[in-house]
Visitor: 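Here it is, the structure in full.
These numbers come from the heavy atoms of this one structure, side chains and all, not from hydrogens, waters or symmetry mates.
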Amino acid sequence: MAIAYFYFHAELNHFLPRHHKQVKISHVFEEKASIKDMIESLGVPHPEVDFINVNGKYVNFSYIVSDGDAINVYPISARSAIIPSISVLPKPLSIIRFVLDIHLGKLATSLRLLGFDTLYRNDYDDDKLAQISSRQERILLTRDKGLLMRSLVTHGYYVRNTNPQEQIIEVLQRFDLFKLIAPFKRCLRCNGLLECVDKQSIIEQVPEKVRCQIDQFQRCQDCDRIYWKGSHYERLQQFIDEVLNSRKGE
């Protein structure tokens with residue numbers, strides 16, 4: 001029988017039961033295991049971890065835990081105070097793209113509205129989500145920490161907020177995306193890119209009142225849905241402005 005001592009820092013405590021939050025956890029084990037497996041056995045998904053310090057030295061996920069180890073586990077937010085020599089986070093993706101689980105439909109719409117490539121379907125099961133994230137190199141956003149623990153998932157994040165508007169701000173801050181916002185570039189329904197289209201070519205597809213009042217239209221290159229700046233546009237623009245203004249409060 002062996003024992004290791006874990007301390008989880010900052011927001012990693014979100015994943016811990018109340019009696020384990022902000023305290024040293026004495027973890028008893030019989031068989032040796034990797035530090036990655038032990039961290040997840042305590043409830044913290046591996047994509048949420050940035051760096052790990054064992055007995056004063058930084059280690060990667062393959063480190064085998066030994067009896068008496070004193071282990072500190074840090075999220076990415078800790079980099080404001082600490083610069084580790086080893087990080088367990090994967091190399092950042094060259095292109096920011098997302099896939100979202102069934103619980104985040106409104107967040108998916110918001111990300112598309114802001115121009116981010118975002119896959120979402122309400123019939124994706126956990127296996128499919130993990131495969132898409134891995135094969136297409138997409139960041140998996142979820143409210144299911146068990147899904148984040150799948151070995152296929154390297155780039156992922158557990159969305160803490162339940163309010164959709166707070167969720168989009170949370171994700172933008174976590175991945176530093178404010179400078180990449182490009183509104184009204186994607187179809188809110190299917191994620192396809194929008195293109196400007198001649199009014200005469202789609203005039204039969206829009207209401208008669210719209211034909212008389214609007215001259216500029218966009219069409220989704222994938223599903224052919226038509227977009228124009230109607231009464232909904234002001235509401236969406238107000239939402240975008242609120243999101244952009246939230247950066248000032250960082």
Side-chain angles (χ1 to χ4, degrees), residues 8-16 21 35-37 39-52 60-61 73-80 82 84 87-122 124-181 186 191 243 246-247 249-250:
F8 292 89
H9 292 260
E11 65 266 28
L12 295 183
N13 284 272
H14 175 89
F15 301 102
L16 303 176
K21 294 180 186 294
I35 202 165
K36 174 178 177 288
D37 289 343
I39 287 171
E40 293 200 315
S41 73
L42 291 169
V44 177
H46 66 272
E48 293 281 338
V49 178
D50 185 356
F51 54 99
I52 309 164
N60 58 33
F61 275 142
V73 188
Y74 298 88
I76 192 170
S77 66
R79 283 189 174 238
S80 60
I82 303 172
S87 172
V88 296
L89 283 180
K91 185 178 180 180
L93 297 174
S94 57
I95 301 175
I96 299 296
R97 300 186 297 177
F98 297 98
V99 58
L100 277 63
D101 75 10
I102 191 173
H103 306 290
L104 298 174
K106 291 183 178 180
L107 175 58
T109 300
S110 295
L111 284 167
R112 289 172 179 173
L113 174 63
L114 298 179
F116 295 101
D117 186 341
T118 305
L119 294 187
Y120 171 83
R121 280 175 46 171
N122 58 17
Y124 281 154
D125 60 21
D126 286 359
D127 286 341
K128 186 67 173 179
L129 288 166
Q131 290 170 7
I132 291 173
S133 176
S134 176
R135 294 174 182 174
Q136 298 187 23
E137 295 188 329
R138 290 179 178 270
I139 299 168
L140 174 59
L141 301 180
T142 180
R143 290 276 301 165
D144 179 357
K145 73 176 186 178
L147 176 55
L148 277 189
M149 291 183 184
R150 291 183 172 235
S151 57
L152 271 180
V153 179
T154 55
H155 295 82
Y157 177 71
Y158 183 93
V159 180
R160 275 69 162 170
N161 282 293
T162 56
N163 178 283
Q165 185 151 350
E166 292 176 354
Q167 286 177 340
I168 185 63
I169 294 170
E170 177 186 342
V171 171
L172 293 172
Q173 291 176 340
R174 166 61 181 82
F175 295 99
D176 193 20
L177 300 178
F178 284 95
K179 291 182 180 180
L180 299 180
I181 291 175
R186 289 191 174 273
N191 192 50
V243 168
S246 72
R247 189 181 188 187
E250 287 185 20

Visitor: Using the ring pair (Phe, Tyr, Trp, His ring centres under 6.0 Å) rule, collect all pairs that involve residues 134-157, keeping only residues at least two apart or in two chains.
Guide: Tyr157-Phe175

Visitor: Taking ring-ring contact (aromatic ring centres under 6.0 Å, His included) as the definition, give me every residue that meets it alongside His103, ordered by chain and number, with sequence neighbours left out.
Guide: none

Visitor: Residues in ring-ring contact (aromatic ring centres under 6.0 Å, His included) with Tyr158, at least two apart?
Guide: His14, Phe15

Visitor: Test of understanding: with salt bridge (charged side-chain N to carboxylate O under 4.0 Å, His left out), list the residues that count as partners of Arg143, not counting sequence neighbours.
Guide: none

Visitor: Tyr74: what forms a ring-ring contact (aromatic ring centres under 6.0 Å, His included) with it, not counting sequence neighbours?
Guide: His9, Phe51

Visitor: For His46, check ring-ring contact (aromatic ring centres under 6.0 Å, His included) against everything at least two apart and list the hits.
Guide: none

Visitor: Output all residues satisfying salt bridge (charged side-chain N to carboxylate O under 4.0 Å, His left out) with Arg150, sequence neighbours left out; order by chain, then residue number.
Guide: Asp127

Visitor: Please identify each residue that fulfils salt bridge (charged side-chain N to carboxylate O under 4.0 Å, His left out) with Lys145, with sequence neighbours left out.
Guide: none

Visitor: Can you tell me which residue pairs pass the salt bridge (charged side-chain N to carboxylate O under 4.0 Å, His left out) test with a partner in residues 98-116, sequence neighbours excluded?
Guide: none

Visitor: Among residues at least two apart in sequence or on other chains, which ones pass salt bridge (charged side-chain N to carboxylate O under 4.0 Å, His left out) with Arg79?
Guide: Asp50

Visitor: Quick one: list whatever passes side chain to side chain contact (heavy atoms under 4.5 Å, CB included) with Thr154, sequence neighbours left out.
Guide: Pro90

Visitor: Please name all residues satisfying side chain to side chain contact (heavy atoms under 4.5 Å, CB included) with Asn161, sequence neighbours left out, ordered by chain then number.
Guide: Glu166, Gln167, Glu170

